[in-house]
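Letters A, B, ... are given to chains in the order of the sequence lines, protein chains preceding strands, and every chain is numbered from 1. Bear in mind the structure is a predicted one, so any value in this text is a computation, not a measurement. No hydrogens, no waters, no symmetry mates; every other heavy atom, side chains included, goes into these values.
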Amino acid sequence: MIGAAILILSTGFLLIFIRPNKKRASISLRRIPAVENLRRLLGASMEEGTRMHFSLGRAHPGDPNYASTLAGLNSLESITRSTLTADQTPVATSGDGATSLLSEDVVRAVYRRESTMDRVPAGNSQLTGLSPMAFAAGSLPVISSPDTGANIFLGHFGVESGLMVPSEPTREKETFAGSDSLPAQAVFYSSTENTLFGEETFALPAYLDGKRSNTASLMVQDLLRLMVIFGMLIGVILVIAGVL
Amino acid sequence: MRSPVAAAFAIAAGLIVLAGYFIPIPLIQVVRLQILDWSMLLAAVAALVAIFNLAAGHIRKAMKPSSSRVFSVVVSLSLIITLVAGFILGATDPLFQRVVTNIQIPIETTLFGMISISLAYAAFLFIRQRKGWVNSVFIVSVVFFLLTNSWFLVWGQSIPILSEIISAIQKIPLAGSRGVLIGISLGSLVTGLRILTGIDRPYSG
């Protein structure tokens, strides 16, 4: 029942924060250098006329780790929308069939809304492999292609990400990564400066697209975090007092 | 304009599956299991569609004259041979299983080996190129915790107070990773709620 209570409470907070309220002070987001670099990366890629490669990881929809892929799809939509004038459409790769179809749908939907569907080439989203290693190896031709100006990794990855992140010093600047997996975060941090940690991956849509719904999510996360901290402090006090 | 029907179906399916976890009513359980069965079936079909898409892409590349067409030819041929052999012999045939496993495992093991080299190179570049106090602290922490969690401090385990201090130090990385995981869990929870309430729709509908 505690789980259901947390869910209902979180939904309530989300619906409250999403409503327009003029009395509420505007939200200023914490500065994340990696996100600022991502904006520069996207601008440079557009200027050079190169394409953006978006890797969404290898989680499948039934996987508990799929939330990071959903956050990645949300960011893919924002980035596709903000780079509509680019010469080339973003290409998305993943290690799951459903994610591959969803990413294709997300990109096509953005172009369809702008009546420029004819610009999206066939095979724009690719399933590169179903096992972790096959996924990594299959993604390599897209990652290392001279046509690719920016590699964005957002989703669930494992240690296979060590094979995917370009290790050449010149390409390090062209890479941006975020994952919910601790091993992947460690690999990304050692390979690129533009790495998101922990909940930052889920906060990225709010930074890319300042919609109220995205900032409302951040407010709910902050509120839940405060509740967790408060709960932990009470737990510590109860343990010290010998109640627990 | 997005279709409200697709969103309504998605939200209803999500709510029923979620309700099934908390409400022990037989009818909801039956509907929930049925929806999960359908989702598995749809996921399998999606994988099949994506594999056909992959094969079509490689066959297209194999037709075009380019330096990298050989890779696409190999992928296309391997896919066709495996598919035909699988249909004729059956996926559970011991010979078919042995052949596929004996090709796949050595290749994947080799790739694992390459990851270790790639990571060692990335670590070398990290130490050489990254400047700033945060990165310096990171490098010092890595070396420090590698030493404290290895044989280096085994001698201290027999000294009463020192063993407790060593044990506390060894738990610091665990506490840090739990902190990161709590943030990820909260992010996952809110992302799930956004889908469930229809705020986010990762489908055009």
Side-chain angles (χ1 to χ4, degrees), chain A residues 1 3-4 7 10-11 14-15 18 60-62 64 67-68 70-71 73-74 96-98 100-102 105-106 108-109 112 123 126-128 130-131 133-134 136-137 141 159-160 162-163 165 167 169 172 180 182 185 187 189-191 193 197-199 201-203 213 217 220-221 224-225 228, chain B residues 1-2 18 21-23 36 39-40 42-51 53-54 56-57 60 68 71 75 104 107-108 111-112 114-116 118-119 121-123 125-126 129-130 138 177 179-184 186-197 199-200 202-205:
Chain A
M1 284 321 283
L7 271 175
S10 309
T11 312
L14 190 63
L15 295 176
I18 217 163
H60 60 86
S68 59
L70 291 170
L73 282 166
N74 197 346
D96 172 69
S100 176
L101 295 185
L102 282 175
D105 189 40
V106 162
R108 281 178 180 271
R112 197 185 304 129
Q126 300 168 15
L127 169 74
T128 56
L130 289 169
S131 72
M133 288 299 143
V159 284
E160 77 279 358
L163 206 63
V165 183
S167 52
E172 188 195 313
D180 62 333
L182 292 180
Q185 283 178 36
V187 170
Y189 184 64
S190 67
S191 309
E193 282 182 47
F197 293 102
E199 70 274 18
T201 303
F202 300 96
S213 63
S217 306
V220 175
Q221 280 183 57
L224 291 174
R225 190 177 297 111
V228 169
Chain B
M1 172 101 184
R2 292 184 173 189
L18 190 65
Y21 280 108
F22 298 112
I23 306 166
L36 288 175
S39 70
M40 274 189 270
L42 284 172
V45 173
L48 205 61
V49 171
I51 288 168
N53 189 22
L54 173 77
R60 261 199 310 272
S68 61
F71 300 115
V75 171
Q104 196 178 353
I107 290 173
E108 297 214 342
L111 289 172
F112 255 118
M114 284 169 70
I115 287 176
S116 60
S118 169
L119 286 180
Y121 181 62
L125 284 180
F126 183 93
Q129 291 178 339
R130 300 272 185 97
F138 176 76
S177 62
V180 176
L181 286 174
I182 287 172
I184 291 168
L186 296 178
S188 302
L189 173 71
V190 177
T191 305
L193 285 177
R194 288 166 62 89
I195 303 286
L196 208 60
T197 48
I199 297 168
D200 267 353
Y203 44 85
S204 60

Select one option (side chain, backbone, both, neither) describing which atoms of [X] are under 4.5 Å from chain B's heavy atoms.
X        : result
A:Leu224 : both
A:Leu163 : both
A:Ala137 : side chain

How far does [atom1] of [X] sit from [atom2] of [Y], to the nearest 0.5 angstrom?
X        : Y        : atom1 : atom2 : result
A:Ser217 : A:Ile18  : OG    : CD1   : 6.5 Å
B:Leu196 : A:Leu7   : CG    : CG    : 8.0 Å
A:Ser100 : B:Leu54  : OG    : CG    : 8.5 Å
A:Ser190 : B:Leu125 : OG    : CG    : 9.5 Å

With sequence neighbours left out, the residues meeting side chain to side chain contact (heavy atoms under 4.5 Å, CB included) with A:Ser68 are A:His156, A:Asp180, A:Phe202
Residues at least two apart in sequence or cross-chain that pass side chain to side chain contact (heavy atoms under 4.5 Å, CB included) with A:Leu182, listed by chain then number, are A:Gln185, B:Ser177, B:Val180, B:Leu181
Under 4.5 Å heavy-atom distance to chain A, tell me which part of [X] shows up: side chain, backbone, both or neither.
X        : value
B:Leu111 : both
B:Ser188 : both
B:Phe71  : neither
B:Ile115 : both
B:Leu18  : side chain
B:Ile195 : side chain

**Message:** Can you tell me if B:Phe112 has over 12 outside heavy atoms packed within less than 6.0 Å of its CZ?
**Reply:** no
Residue among [options] with most heavy-atom pairs under 4.5 Å to chain A:
options                              : answer
B:Gly192, B:Gly187, B:Ala50          : B:Gly187
B:Val49, B:Ile51, B:Val190, B:Leu189 : B:Val190
B:Arg194, B:Gln104, B:Glu108         : B:Arg194

On a heavy-atom basis, the closest approach of A:Leu127 and A:Gly97 is CD1-N, 3.7 Å
